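Okay, handing you the structure first.
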Protein chains: 2
Amino acid sequence: MKDVRTHVGEVLALFREHGELSRTDVIEISGLSRSTVNQRLASLHSAGLIEEIGGGESTGGRPSSRFALNRRRAVLLTADIGATGFVAAVCDLGGTPLRHVSELVDVWDGPHRVLGAVGAALTELLGDEEVWGIGIGVPGPVEFAAGRVVNPPIMTGWDRFDIVGWFADYGVPVVVENDANSRAVAEARPHRHDNLISLKLGTGIGSGLVFNGQIIRGSEGAAGDIGHTRAAVPDAANPLPCRCGNVGCVEAYAGGWALIRDLEAAGVHVDNVAEVVSLVKLGNIEAVRLVRQAGRVLGDAVADLVSILNPEMIVVSGQLADCDEVLLSGVRERVYQRSQPLATRNLAIRVSQLGEFAGVTGLALITADQLFSTDRIDELFESLGEPPVSAVQ
Amino acid sequence: MKDVRTHVGEVLALFREHGELSRTDVIEISGLSRSTVNQRLASLHSAGLIEEIGGGESTGGRPSSRFALNRRRAVLLTADIGATGFVAAVCDLGGTPLRHVSELVDVWDGPHRVLGAVGAALTELLGDEEVWGIGIGVPGPVEFAAGRVVNPPIMTGWDRFDIVGWFADYGVPVVVENDANSRAVAEARPHRHDNLISLKLGTGIGSGLVFNGQIIRGSEGAAGDIGHTRAAVPDAANPLPCRCGNVGCVEAYAGGWALIRDLEAAGVHVDNVAEVVSLVKLGNIEAVRLVRQAGRVLGDAVADLVSILNPEMIVVSGQLADCDEVLLSGVRERVYQRSQPLATRNLAIRVSQLGEFAGVTGLALITADQLFSTDRIDELFESLGEPPVSAVQ
DNA sequence: CAACTTTTGTGTTGCAATAAATCAAAAGTG
DNA sequence: CACTTTTGATTTATTGCAACACAAAAGTTG
């Protein structure tokens, strides 16, 4: 047998997509011959990229041994940086967070301070595992290919900062992605949703779009900005001012900061979005009324989004998502009222189950995508230092 | 030399993408060896898929011979069916319409009548060229994989009709695509725009979305329906009724039928959208006022679209596009006023230069995509009946 | 429980596609 | 007109893949 390292990537991709597979499964799915499949599996196995799973059921003959991606072969370091804090996590190669930590730090403190804290947290979290990739999520537009933030509206001091370079010491691929986009991937991929919108409702309102199974980033990485589209409100003649400088944005009516503003105006003191959610859960009449109203404004915006993009699912995450049906009922009401029947027929609108892990999970998946891409898989194989399977026995 | 038919597709794809290439160009772009490139080029050449172009400039040594896709090797039959008529065209393999004809026929007459007329027109247009593919554009949601219309709002009698089967006699691949989508491809592909929105302004308002270089069809093929999103109008308390049954849609304010309605109400008699455009060109004050107003309503909707999708270009086509700046100025005004600076920085908004050919050009491109896809290229090669290049000389 | 069937796992051989190397041809250059 | 440069054609070697054969590990059956 000669050196068989080429094209192992496509077989590895099958395991990433399908999970557990027997040799025969791989043969059927890939269309490759038994010899070739065995060679490649041997190659992947000796590199530790796949592992044998017990419990092969017999279907009348010899039971098959089943293989799966060896998720513990190495780890991916991820950090989902938000406006006021970050979640850092060590994830396995399948995207599952193994250990994590949350910290409070303002993005306005600039990249040195924030990335310093992120780096320290990741070092703290990391055990003796090999690190194969790093994924950083940021709350701003990203030039994905270059791995940096460009013209961010809120991330002062981050413009074109070399985030990839900051983690160069690890000597592994570093990907930088918008936080809403990474959430969207985390929601879409495991359930094989090819057309999905992820809404993040926190202090502000953002969204991540996955269509045709890919992230829609737009031409400048600025796509998904639903928060600053026009709100549909009866009093359109006197639109409320938004923090973006414009007036009448959805965020100015349904964003977390707008709810705080309105509660204060109604004489209810709240310091942050979490307290708004608490009040709603306690049944505070004013808070519930405002959140319901916000749901309807948001619903009108989402209805347009549904008409334009025709997603199969809308997943809501962020702090306000904890309001559950108080918020969602208004969204559903408007969406099913306004969007075309065809677009809503198979549409599901629900709250994310991933919680604070959504960001880091998505980042791990995106990082793994890069790591195991056909372009880079050979490079990875090389760096494993495994002697290639050789002709000499 | 042995049979070399496999993987010619990837080399052919290079010619489709880059146009004219020398052997050395192909070697550099593909990373293949000289022998392999020569084999594949010989294979493609003998099948007539590429042709030699004269005029190889010398750069100090022997001048290179240049090759390009042989666009005249066969033709693609295309028909862009609109609500009240169709454009049928014979296109070359590069997507250029060679001969065409327009006919008036209502889609409401049903598929048998319309496709009958389309088929007759195509037969009339076809010379002695080989036909390699057929592309049909329709004004409704399409289940692309199945090649049929599903749950169309306006195409009565077309639901799930087997359009592919209608053209089965030709024995070639048939693709069915939404008309706005095919236009978008025609605008995007030749200029290598990966993130583009095509707006079609006729009696109604539709749009085609190309992002990441792919058509966004949505989960039911219903994406792009910007005409029935909410209009931003001061008098939001009394929204105008739309023909879709809802109220306050963009189309109810800026659609061709709405302009006719408003002109009639103002005492100006018009029969169709073409007459509205004529009045605008003649400088009719009322018509110009209404079209300007429509531009602003449309602009507000487009501004939201820009915030959400961050395209690099918006191309306007359809009958109303002939109003040029009278319409576009309002669109630009609102877009640059409302959308985030980052999203508008490199945004171009312009009128399509393709005119009535946009639909059929896009259809030809999409059909060629299918025809030359890696899945189907071998099949095509087989059917050419060309004896494969053999070892015997 | 032993013979048979079925399916999986392993090793060998041959083939076909690609790459490397060599040589010939067609230009420009001084 | 020799020399250089680049392209084009041909031969040879390599390597990845598939087909085949056989061994192993189960279930099945009399």
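It should be emphasised that the depicted structure is a prediction, and the values quoted were computed from it without experimental measurement.
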With a cut-off of under 6.0 Å to the ring centre and 45° to the axis, is B:R217 in cation-pi contact with B:F144? yes
Among C:dG9, D:dA26, D:dT7, the nucleotide that comes nearest once only the side chain of B:T24 is considered: D:dT7
Please report the distance, rounded to the nearest Å, between CZ in B:R66 and C1' in D:dT7. 13 Å
Do the side chains of A:R73 and A:E130 get close enough for a salt bridge, i.e. N-O under 4.0 angstrom? yes
Any donor-acceptor N/O pair under 3.5 Å between D:dA18 base and A:S35 side chain: yes
Expressed as a whole number of angstroms, how long is the span from A:I27:CD1 to C:dT8:C1'? 9 Å
Return the nearest nucleotide to the side chain of B:S33; candidates are D:dA25, D:dA18, C:dA19. C:dA19
Separation of D:dA18 C1' from A:Q39 CD (nearest whole Å): 10 Å
Could you tell me whether the side chains of A:S22 and A:D25 share a donor-acceptor contact shorter than 3.5 Å? yes
Can you list everything that forms a ring-ring contact (aromatic ring centres under 6.0 Å, His included) with B:W132? Sequence neighbours excluded, please. none
How many whole angstroms separate atom CD of B:E52 from atom P of C:dA26? 13 Å
B:S22 near the nucleic acid: base, sugar-phosphate alone, or nothing, with a heavy-atom cut-off under 4.0 Å? nothing
Whole-Å distance separating the CG atom of B:N38 from the P atom of D:dT6: 17 Å
Starting at CG of A:L41 and ending at P of C:dT10, how long is that distance when rounded to a whole Å? 10 Å
In this structure, how many angstroms lie between the C1' atom of C:dT10 and the CZ atom of A:R23, rounded? 9 Å
Take atom CZ of B:R40 and atom P of D:dA9, then tell me their distance rounded to the nearest Å. 17 Å
No-H, no-angle donor-acceptor pair, B:R34 side chain to D:dG8 base, under 3.5 Å: yes
